[in-house]
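Notes for the one structure printed next.
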Amino acid sequence: MEALEGRIRDYAWGSRTVLAQLQGRPAPAEGPEAELWLGAHPGDPATVHRDGVPLSLVDVLAADPGRWLGADVVDRFGPRLPFLLKVLAPEAPLSLQAHPDAEQAREGYAAEGTDPELTHRNYVDPYHKPELLVAVSPFQALCGFRDPALSADLLAAFGVDALDPVVAALRSGTPGLRDAVRTLLAWPEREREALVSAVVAADVAKEYAEPATLARELAARYPADTGVLVALLLNHVSLAPGEAIWMPAGNLHAYLYGAGVEILAASDNVLRGGLTPKHVDVRELLRVLRFEVLADPVVSPVPVAPGVVTWPVPVEDFALHGVRLDGARDSARVDVRGPRIALCMAGAVTVTDGGGTVRLGPGQAAVGPADGGPVFFAGAGEAYVASVGLR
């Protein structure tokens, strides 16, 4: 292993305290700090330092892909790191969004090509972007469609006659989800603010108080955005630390606030559905969305070794392990395949593989090559290891 320096992304929805406090810097930071990126994504690759010279992880991997990525990874994904590890720190809601599956991404990227007249690109690479987020503090998110009958009852409770066609579509069951979403996102622009205002001004029964409060909070930021109402069709999930949410392709979601460790396939393909000033391509979003109920988006940790857990997901691009060392246990072994990135989130740990040993404090990371063998941890603290999910 060798030390890896991540990159902080300053998106407007980011916290000014979470990442600064994690890394022991003065808080609040001067501006929002939304994400800490740890990987070889070309948009903002992490760096290693050798002889005092910073080197992009992209260049390190490219110089010796056989050693760093391994033959299996290169054969399956090409000469690139297929995952990106992040620390997320949303202080305000992210946009409603979904990501394409691998076939949709390839088709979309090829179709858009390099057309110079294209004013907005939905596809910036030919890869899918499934995501797993593990909460490290209480975390709020909207994840996947809930039972449309429940959504119909909720929208009907607002008593806004204009929503009757949406309620009727939802009452038809899962097949009506597409019509409900399309109707809301295609609402006449000049009428959107009045619709949202009518909903948030409604006096609803006590059992609908929580989603009504959410609608008011979202509308305060986006008063003319019918994504506020689309958000009410989704599961509102509260994660405790250690719990995770799995976001497969085509699943509409939005992170609201909290702090979490996220691992995802290394892609930037995002189809937005509202709660944003950015471009919303309704037609393409409807093409990639999966209009099905996500009954339980929460993934619980599964113990795999003393002091080690994982969150199983059905993709080969990535796997994530969590390590907890305390007074009762001061060492752990994590068996991984391929390239690996270790991240400390609390305490102090040393991380070792065949490539070397690095001591990590909170917010610090290390990277190791595919030929590094098992990863060993010692000390007292909490850490994560990102790797590929090849079996």
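Scope of the values below: all heavy atoms of this structure, side chains included, with no hydrogens, waters or symmetry mates.
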Any residue meeting ring-ring contact (aromatic ring centres under 6.0 Å, His included) with H279, in chain and number order, not counting sequence neighbours: H120
Within 6.0 Å of CG in D64, more than 12 heavy atoms from elsewhere: yes
Within 6.0 angstrom of R7 CZ, more than 12 heavy atoms from elsewhere: no
Sidechain-backbone polar pair: Q364 side chain, G361 backbone, donor-acceptor under 3.5 Å: yes
Minimum side-chain heavy-atom gap L155-L232 below 4.5 Å: yes
Pairs meeting criterion salt bridge (Lys or Arg N to Asp or Glu O under 4.0 Å) with involvement of residues 267-279, two or more places apart: none
Please tabulate, for side-chain N and O atoms in residues 84-97, each donor-acceptor pair with protein atoms closer than 3.5 Å (sequence neighbours left out).
unit_1, atom_1, unit_2, atom_2, d
K86, NZ, E35, OE1, 3.2
S95, OG, Q97, NE2, 3.1
Q97, NE2, S95, O, 3.2

V349, T352, V351, V367 screened by side chain to side chain contact (heavy atoms under 4.5 Å, CB included) with V358, the one that passes: V351
Atom pairs and distances, donor-acceptor, side-chain atoms in residues 377-388, under 3.5 Å, two or more places apart:
unit_1, atom_1, unit_2, atom_2, d
E382, OE2, R324, NH1, 3.0
E382, OE2, R324, NH2, 3.2

Min side-chain heavy-atom separation H128-N269 under 4.5 Å: no
Exam field: side chain E112 to backbone N122, donor-acceptor pair closer than 3.5 Å: yes
Ring-face cation contact, F145 with R290, 6.0 Å cut, 45° max: no
Test item: L154 and R146 side chains (from C-beta on) under 4.5 Å apart, heavy atoms: yes
Heavy-atom neighbours of E189 CD exceed 12 at 6.0 Å: no
Side-chain donor-acceptor pair present, Y123, E284, cut-off under 3.5 Å: yes
Atom CZ of F291 with >12 non-hydrogen neighbours under 6.0 angstrom: yes
Pairs flagged by salt bridge (Lys or Arg N to Asp or Glu O under 4.0 Å) wherever residues 12-27 is involved - sequence neighbours left out: R25-E33
Contact check, side chains of P339 and L81, non-hydrogen atoms, under 4.5 Å: yes
Flag, side chain of R192 to backbone of L185, donor-acceptor distance under 3.5 Å: yes
Side-chain touch W311/V134, heavy atoms, less than 4.5 angstrom: yes
C143 backbone acceptor or donor facing N235 side chain under 3.5 Å: yes
Charged N-O contact under 4.0 Å between K129 and D101: no
Donor-acceptor contact present, side-chain Q23 to main-chain A20, <3.5 Å: no
Salt bridge flag under 4.0 Å for residues R283 and D281: no
Side-chain touch Y127/H99, heavy atoms, less than 4.5 angstrom: no
Partners meeting ring-ring contact (aromatic ring centres under 6.0 Å, His included) with Y255 (sequence neighbours left out): F139, H253
Verify same cluster id: L214, L252 (apolar side-chain graph, 4.5 Å): yes
L264 and L132, any side-chain heavy atoms less than 4.5 Å apart: no
